[in-house]
Each structure stands twice: as C-alpha cells, then as structure tokens.
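No experiment lies behind these values; they were computed from the predicted model shown. Counting starts at 1 for both ligands and their atoms, in listed order.
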Amino acid sequence: MLRKIVSPALFLLLSALVIASCNSSETKPTATGSDTADRKWWKEAVVYQVYPRSFKDSDGDGIGDLKGIISKLDYIKSLGVDAVWLNPIYGSPNDDNGYDVSDYRGIMKDFGTMEDFDALLKGMHERGLKLVMDLVVNHSSDEHEWFKQSRSSRTSPYRHYYHWWDAERGKPAFRYSLFDVNHDAWKYDSATNAYYLHYFSRKQPDLNWENPKLRQEIYDIMKFWADKGIDGFRLDAFQFAAKDTTFPAFPKGFEKDFIQYYAMVDGLHDYLKEMNKEVLSKYDVMSVAEGAGRNFQDAHDLVDADRNELNMAYAFEGVDIAKPEGYSLLHFKEVFSRWDSVFAEKGWLSVFLANHDQARMVSRFGNDSPAFWEASSKLLTTFIMTMRGTPYYYYGDELGMTNAGFSTIEDYQDIATRNEYEHQKATGGDLNKFLERIRFSSRDNGRTPMQWDTTLNAGFSTGKPWLRTNANHTTINAAAQEKDPASVLNYFRKIVQLRKDNPVLVYGKYTLLDKNNPDVYAYTRVWEGKKMLVLLNFSSKAAKANTGVDTNKAKLLISNYQTASVDGTLQPYEASVYEL
Ligand code: GLC
C-alpha cells in the first residue's frame, strides 16, 4: 500500500533540532525515555506475525490452517516472542485473503473451525503467548449478510450500513480505489440503481461508521472475541473509517497522496473514543492502529494515553522508503530518528521492516545475494530489536526468507498485484516494466509458504501450495538452521533474549550518532544508568563508524560476526551491540 506521511512544519523543525543535536560525542546516561513510568506488557513484548495461509497446512489442501499453527506453537514459543498477531481468520470468500470478511464471528473454512480456534488460544495461553487479532472494519466483504441486505433495497434496514450514492444524482465525484482494476472507488449496482463505495476491491465495500447501529454491531463483535480471551486488536485500515459523506470532489491527482484526503476525517477520533469506552477499556487488551494518520499530530492523537483511544501506532514511512530503485541509508536514518524523536516523551510506536503487505525485508533493506544474505538478515533483525517501540517481526524473517521474485503474472495471487496488472494492460502500460517492478515489490513476495525444511513444498504442505514455494527452501529453512548455533534463526532467539534481559532496549532514550555516515547506522540507548551502543554497517564494504566511542573498552553483547569490529571499522553488514 502506498502511504505517505506529511509532517507539519513545526514537527519537522522540532525533529530537525533533535537530530541536529545528536552528534558523535558520548551521551550521559539519563533516566528519560518515553512513557517509562507506565510500563506495559505490550510495550515490552516482541510480536511475531503469522500469515495463517502460509504458515503450516495440516490437511494437505495447500492452504495453511489453525491446526497447522497449533502444531507449530512450540516452535513459536522457542523463538522467545511474547505475542502473535494473526492476519484475519474470519469467514471470507478470500478476495483479499481474509481482509474481506463475510462472517465476523466464524472461522474461514480453509482455516478450520471455532473448536480449532479455541484450542489455538488455549495452546497459546498455556505457553504464555498472547494473541492479537486483526479487526477489519473499515469494510466488509460484499458477501457479508449486511451487504446482501443493503444492496437488496433502498429501504432495507441495512442500507445505511454502507455508503450508497443514488444514480439519479449523477455519477459521484471520482474517488480513488487502491485495488480496483479501474481505480474507481464507486461501483454501480443495478439492483437499486446506485453506486457503492469501496476504497479497496469491489468485493470490499466500505462500512458506514456514521451509523450508530453499525458501530454497535462492531463493538459487539469485538466483545465476542474479547470474551473469548484474546489479548489485542490490530485495527486494519481504520484511519479511513470516517468519511465526509457529502463526498466532495478532490483536486486532480489527489490519489498520489490519498492519505491526506482519506485518513483521519472528522469523526474518527469520536469513533475511537466510543470504541475505547464500549470495549477496549473493559478488557485487558492492547490495540494497535494500522497507519498513523496524515502527520505526527494525528499519530500522537491516536495513541496519547490521556485521550483514551488506542495504545500503539504503526507508521509506514519507514517501510515505504525501500523502492525497486533503492533507498539511501541517510534517508532511512532520518525517518526512523524523526519518528523516534516525536514519540520520545509520550505515546508508543511499533518498529518493523516487513509484514504481509511488503516484500521480504532482507531483499528490500538488506542484501539477498549468497555472500551477504546471512549477515544482512541478522543486521536488520538487530535494528528491529534494538529500537524503541514494540517490535513486530514477520514469520520467516527469523530464517532470512527472501523475495520469491516470480516472473509471470500467473504466479501471483494477490488482488492488488493482479488487478494492477489488468489496469496496466487496459491502459497501455509497459507490462514488462510492471513485472520487473513487482518482482521486487509485490506483496506476494512476502507471502510464500514458510520454509520448514528441505522436503516437498518446504514442509509447509503435502498438497500444492496456494502460492509457489520459494525454490531456495533447500538452503534456507528452519530444520537446517535449528542445527546451526550461528544461524539466522538462532541469532534471532539470542537477540530477543537480549531485549528481554535489558529493558533499556525497550524504554531507553535513543540518540543517533555519526548522523551523516552514509553506510553506518549508529545509536545509543540509555535508561536508568544503563547505556548501549548499536553499530550497524548497512553496506557490503567495510565501513568506519565515527562515534567517538572506543569499542575496545566496551563490553560486546552480541554480534553477527564471530569477531566484532576493532577500532570502529565494521565488516560488511556487521551488526554489533555493546554495553558502555
Ligand atoms: C490493510 C491490510 C491489507 C489489506 C487492506 C485492505 O492494509 O494490511 O493486507 O489488503 O488493509 O483490508
């Protein structure tokens, strides 16, 4: 998804000042750190994201399922993570792999039954793992009963569960749809001679949050799952839920920056406050917003504890900067430092480099060539695990899984990729160029089956997988890495433990060092008298870190090399963490 954050001038200025003040000299330990007075499990947790369709198939139909996840709970526990975020598992016709819900209280047939879900939750809780569920309520499936009723007549009690525009009024002003083949968010429906709104695919009509009855339905659904004992909700695309229902025309070209027009429309904060009062405040659940609004003020307002809305923001500016054309480390450092500085005293962020909407992190931000794949995977993991905020770590990244890099459109299953291909075809786009682009960036790159072992289909399924298995599973797989103490997998376990043992890595003040170094990302974390130094060489050459710190005198806590750097000269993709 394309997400762009434009920060107001004041915030830019403040962040620039904060970053400018971070020079290469040592920083005195201080007791400051964001929201440290208010320690919470969800701040200290490492969240592991499981894409159920691709994790483990128990019945040979080629689609991952809940029983499959249950069979791998010991593996998940062995990683040392605290919580699992599951992508949607509700009833769905799967136009967008479960992000089109037709039954919010049922389990998708491909994934199993409610008994399987109860067993999964029990199995997780027995192991001390928490469960965060995806809540997809900006839109439903067009096969949801509400929509079937809504489209059946203009006087249906469900009519105003969705957004309709009667055709007698003429065609509504253009709205951009992210997934529609024509990118038109209004779809004409002859049954009632009206258009309905869909920001995503035609099979994902947007729900009308202005309608109090709809809102109550959603709160009841949330209570249903919270009563089952789940531990959190991830609010999918919720920043788009409120709409100006006069549906004004937007300036030409607005779709290049649609977040500015679609996100955080008046009413959204009221809905969140109401949701908090009705549901979130009544249960011991955490809540995370997908997206963080149009600017830093929005991001703050979403998660400021005094406002009683959500707990944690999940901002996209960091992951969005990797493009097929590449990205610069200077930009990467600037973005992550700016976001950290804005949340330094208040509010809480997520830290991540991948999820089911992105290609694989090692292929985008690291180097997936044989020479550097291992070191750069470990480097990126070190970054995620040593930043302030809650780490969200995507399944398979603990093995260093890489992009699938499919070469024909038939190999892709993702609605966004396939529909964009059709769009390009219909509008005379350069299809070869498009295929080249998606080889790097399609969401399916990050959705290939989990690579358990070297057997058929990587041990994911005995049947034909719904999405092709990456051929490199013969070399990159969990079974092989279990046996190797220095593997990417075992490195992940070690650094998760390091974070657990050192709350300074969770709460500590972050200070960027050697800001203008184009190859090295260096920073300190300081909290309650503890100080850590993180050195990350993001390049394939040796590079010098000018931090002013003599690492020979520091205690090395972890490194992705057998022998860590001396004199601040880092080996290619070296990641080393020191206690000062
Ligand atoms: C979110 C999800 C994405 C989905 C979209 C529509 O961005 O992460 O996978 O396609 O919302 O629900």
Residue among Ile63, Ile89, Leu120 satisfying side chain to side chain contact (heavy atoms under 4.5 Å, CB included) with Pro52: Ile89
Distance under 4.0 Å to a non-hydrogen atom of [X]: what atoms of ligand 1 satisfy this?
X	answer
Arg443	3 (C), 4 (C), 9 (O), 10 (O)
His139	6 (C), 12 (O)
Phe179	10 (O)

Part of Gln358 with heavy atoms under 4.0 Å of ligand 1, whether side chain, backbone, both or neither: neither
Option passing ring pair (Phe, Tyr, Trp, His ring centres under 6.0 Å) with Phe247 (candidates Tyr261, Phe174, Tyr195, Trp186): Trp186
Option passing ring pair (Phe, Tyr, Trp, His ring centres under 6.0 Å) with Trp164 (candidates Tyr188, Tyr158, Phe147): Phe147
Among Phe316, Phe200, Tyr51, closest by any non-hydrogen atom to atom 5 (C) of ligand 1: Phe200
Heavy-atom proximity to atom 4 (C) of ligand 1, best of Ile415, Asp96, Asp95: Asp96
Side chains of Thr390 and Trp42, donor plus acceptor under 3.5 Å: no
Exceeds 12 heavy-atom contacts within 6.0 angstrom, atom NZ of Lys433: no
